[in-house]
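Notes to accompany the following structure.
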There are 2 protein chains.
Amino acid sequence: MPQHSPLPENTPDDTSADARGGRDDDGPEPRRRGPRKSAGGITLRDVAQLAGVAPITASRALNTPSAVSPKVLQKVREAVEKTGYVPNLLAGGLASNKSRLVAVVVPTVIGPVFQEIVHTLTETLAAAGYQVMLGQSGYENSREDALLEAIIGRRPDGVVLTGIMRSAEARKRLLASGIPVVETWDLTPTPIDMLVGFSHEAIGREVARYLHQRGRKKVAVVGGRDERSQRRMQSFAQEAVALGMNDGQGAAALPMYHVIAPTTLGQGRRGLADLLQQQPDTDAIFCSSDLLALGVMIEAQSRGIAISGQLAVVGFGDLEFSRDLQPRLTTVRIDGTGIGQRAARFIIDRAAGIEVVERIVDVGFSIIQRESA
Amino acid sequence: MPQHSPLPENTPDDTSADARGGRDDDGPEPRRRGPRKSAGGITLRDVAQLAGVAPITASRALNTPSAVSPKVLQKVREAVEKTGYVPNLLAGGLASNKSRLVAVVVPTVIGPVFQEIVHTLTETLAAAGYQVMLGQSGYENSREDALLEAIIGRRPDGVVLTGIMRSAEARKRLLASGIPVVETWDLTPTPIDMLVGFSHEAIGREVARYLHQRGRKKVAVVGGRDERSQRRMQSFAQEAVALGMNDGQGAAALPMYHVIAPTTLGQGRRGLADLLQQQPDTDAIFCSSDLLALGVMIEAQSRGIAISGQLAVVGFGDLEFSRDLQPRLTTVRIDGTGIGQRAARFIIDRAAGIEVVERIVDVGFSIIQRESA
DNA sequence: TTGAAAGCGCTAACAG
DNA sequence: CTGTTAGCGCTTTCAA
């Protein structure tokens, strides 16, 4: 039966005592009855003592093995082994001013959108000895401030933001904290610090052109209410109208079905139903997520509408399933892994003192042409 | 133009100096040329000085406002406001032996399976002042050890494991660390510490019964290779055979299509194709994820096989889209939110010194009956 | 209610 | 290559 209590032993007073017989001068009774704490874990001092070296030497043996004699190295390693010592990185971080923590903020981990980026960051940073702290900002600003406080308080070596920060106050505090910041998933000429993203406007524009080239004449949109999705949709509408689609009516007249995040298949179905009512001869729909697109396709199928013959569908995200649908989904692909890797590299380099020269990276996007459009 | 450098100002020497005219005795030149560090941020001392109180008083004003006079409280708050002070939680954690960090370990964040749990933990713990550290163990053991080292080194106030720990070594170290541990997503009579999960065996069994009751006679399985998925499938096979399905052939003969995680729609399609070759008169398939089930359904559709008339399909996970499919997907629902909340509660209670009496919670599961089976 | 002292466990600066 | 010393920024303990 696994006895387990958050409080370990009751003060193991005597920190020395072990198979070792060297210098056991403990000084003149360092045991006072006054201020004394310690949770009773094994510390670097215990290891050093057991190895017969000074704490700092043990520290070096663990952190910069090359700076220490092989003999000492071995003794320290044995002591670590014997004691099961695990360095306290909180203490190390306090002393060295390097927490080896990186905060990653996403609107939400629900939904497939930010999975790739979170996954890549976690992996890449872990390989470099960093741990990811996860924060969810929600799609509203409200939580941003509290979250920021919690993050800055932990003195991370970097912050990766998914989507640029909205509140000016937040940007200011982040800037003031001096923590390296990478904003992602969007573009702006004035990032807080570093930026790895792509243009939502360009996506909307290019999708409109793509559909125009393929002879579509009556387009519509199903999209999330969040700000970035809106920008894709607006830009799509403007370009579509500029190209003479939808009978040259204003962009504002272009049928749009707005859904609240997270986007779902069901919303896609309802979206198509609604749009067909607004504009029965719609021949192309741009969706702000692949899940919405799937919903549109399923709804179309159940109505006997041929994809893409009668109705073209374009998604966003290139989720794993999109290439396996029938017909396969034409969609916009974002290289989440690439963004994650670059963001991680930015932070690792900064921590290593390497000056990052090109602070803004546009990773672009690609329209994956398949049968649905 | 946002100038930004990881190194803030160059030693803001004069920490006092502000719109205030009280006691400006700085003591006799506290500036030495010897050992001196500090990243130059604003510390509690600065705040205390500005407020005209001792650091400890400022600390109390922030942490236990009720233990301080209203007058002091206000002065400290003003000082915090004025300086933009953010407490260094690393230092606080070191001193108080409470990091307010909780490690959450999942096999991977890719795929929808653990989203709900990660989301809920992050939210619930954030509301209680904890930050989540994310770790991915992968589906192999190899990374478990390195990950554990990184986690324990940060002295989190709790660890939430998704799936029970495999390596005995890992279990031992976790136990030795004295950190509260919550294992989830599975059941075992001998957890490391606390447990919130459900029985994968029971799921397989119940699904077999469910299909049997509905008159299915020739069943098959599409499932992931990971250990928990395997247990569901094995248990399903055994029960199916025990109930006389598949002509009473042994469980080992029950057709199974194994896929490597993460499970995908495409694998579901291939799975059905393969299974129909093995056993053309298959009339029910249990899939180890909803995505696989969707793949099976799409493949069936493209082959003109009627769901559920000719072929019943049962998924696992009850993803958001499952209720919007056509036909709607019958599936096994796990209450990820509930698991996350209970796990968070376990850890928060432990941190508050509340003794957790019932350390093992079986949250169960439910079979959501819809049209696909 | 407030404060002084001590120290959490570690590492940056110097010396040897 | 190794050690001494002095903190990192905060909170605990004890005393006023």
Side-chain angles (χ1 to χ4, degrees), chain A residues 11 15 23 27 30-49 51-76 83 85-100 152-155, chain B residues 11 15 30-49 51-76 83 85-100 152-155:
Chain A
T11 55
T15 333
R23 41 186 286 279
R31 209 170 294 119
R32 277 165 268 83
R33 265 192 75 272
R36 214 246 289 73
K37 285 173 279 183
S38 167
I42 290 136
T43 73
L44 185 62
R45 240 190 23 197
D46 303 330
V47 171
Q49 213 161 329
V53 297
I56 181 66
T57 304
S59 169
R60 284 197 270 251
L62 296 174
N63 298 317
T64 43
S66 60
V68 113
S69 74
K71 222 176 136 161
V72 165
L73 183 56
Q74 199 200 328
K75 283 204 294 187
V76 170
T83 54
Y85 169 69
V86 181
N88 185 331
L89 293 146
L90 254 52
L94 180 59
S96 67
N97 210 23
K98 283 166 189 329
S99 63
R100 307 224 118 216
I152 296 178
R154 259 114 196 166
R155 304 295 190 266
Chain B
T11 56
T15 333
R31 209 170 294 120
R32 276 167 269 82
R33 265 192 77 270
R36 223 267 251 87
K37 285 175 278 184
S38 167
I42 290 135
T43 73
L44 185 62
R45 240 190 23 198
D46 303 330
V47 172
Q49 213 162 325
V53 297
I56 180 62
T57 303
S59 169
R60 284 197 270 252
L62 297 174
N63 298 317
T64 43
S66 61
V68 112
S69 72
K71 220 175 139 163
V72 165
L73 183 55
Q74 197 201 329
K75 283 205 293 186
V76 170
T83 54
Y85 169 69
V86 180
N88 184 330
L89 292 145
L90 255 51
L94 180 59
S96 66
N97 210 24
K98 286 167 188 324
S99 62
R100 307 224 119 214
I152 296 178
R154 259 116 195 165
R155 304 293 190 269

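Naming convention: chains lettered A, B, ... in sequence-line order (proteins, then strands); numbering from 1 in each chain.
Nucleotide D:dC10 holds its P atom 7 Å from the CZ atom of A:Arg155, rounded to whole Å. Summarising the geometry, the separation between CG on B:Leu94 and C1' on D:dG9 is reported as 9 Å, rounded to the nearest angstrom. Atom pair B:Arg45:CZ and C:dA4:P shows a separation of 13 Å (rounding to whole Å applied). Rounded to whole angstrom, the span from the NZ atom of A:Lys75 across to the C1' atom of D:dT2 amounts to 12 Å. A straight line from CG of A:Leu90 to P of C:dG9 spans 11 Å, rounded to a whole angstrom. Here C:dG9 presents its P atom at 9 Å from CG of A:Asp46, a figure rounded to the nearest Å. Here the P atom of nucleotide C:dG7 and the CG atom of B:Asn97 are 16 Å apart, to the nearest Å. Here the P atom of nucleotide D:dC8 and the CD1 atom of B:Ile42 are 16 Å apart, to the nearest Å.
Shown here for A:Leu44 and A:Pro55, the closest heavy-atom pair between the two residues is CD2-O, 3.5 Å. For B:Ala61 against B:Leu73, the heavy-atom pair with the smallest separation is O-CD1, 3.5 Å. Residues B:Ser99 and A:Leu90 come closest through the heavy atom pair CB-CD2, 3.8 Å. The minimum heavy-atom distance linking A:Arg100 with B:Arg154 is given by the pair O-NH2, 2.7 Å.
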Which pairs would a plain distance check flag for residues 62-69 of chain B, meaning a side-chain donor or acceptor within less than 3.5 Å of a matching protein atom at least two apart in sequence or in another chain?
| from | atom 1 | to | atom 2 | distance (Å) |
| --- | --- | --- | --- | --- |
| B:Asn63 | ND2 | B:Ser59 | O | 3.2 |
| B:Asn63 | ND2 | B:Ser59 | OG | 3.3 |
| B:Thr64 | OG1 | B:Arg60 | O | 3.4 |
| B:Ser69 | OG | B:Val72 | N | 3.3 |

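When each of C:dG9, D:dG3, C:dA12 is scored by its nearest atom to the side-chain atoms of A:Ala95, the top-ranked nucleotide is C:dG9. You'll find that the side chain of A:Ala91 is closest to C:dG9, out of C:dG9, D:dT4, D:dG9.
Using a 4.5 Å cut-off on side-chain heavy atoms (C-beta onward), B:Asn88 and A:Leu94 make contact. Looking only at side-chain heavy atoms (C-beta outward), B:Val47 and B:Ile42 come within less than 4.5 Å of each other.
Counting non-hydrogen atoms under 4.0 angstrom, B:Pro55 reaches nothing in the nucleic acid.
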Practice item. Show your working on side-chain contact (heavy atoms from CB on, under 4.5 Å) between A:Val86 and B:Arg155 and close with a plain yes or no. Key: CA-CA 10 Å; A:Val86 181; B:Arg155 304 293 190 269; 4.1 Å; yes

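Applying the side-chain contact (heavy atoms from CB on, under 4.5 Å) test to B:Lys98 and every residue at least two apart in sequence or in another chain returns B:Ser96, B:Asp157.
For DNA chain D, the neighbouring residues in residues 56-71 of chain B, judged by any heavy atom under 4.0 Å, are B:Ile56, B:Ser59, B:Asn63.
Remark on the helix from C:dT1-D:dA16 to C:dG16-D:dC1: inter-end axis angle 20°, axes from five-pair C1' superpositions, rounded to 10°.
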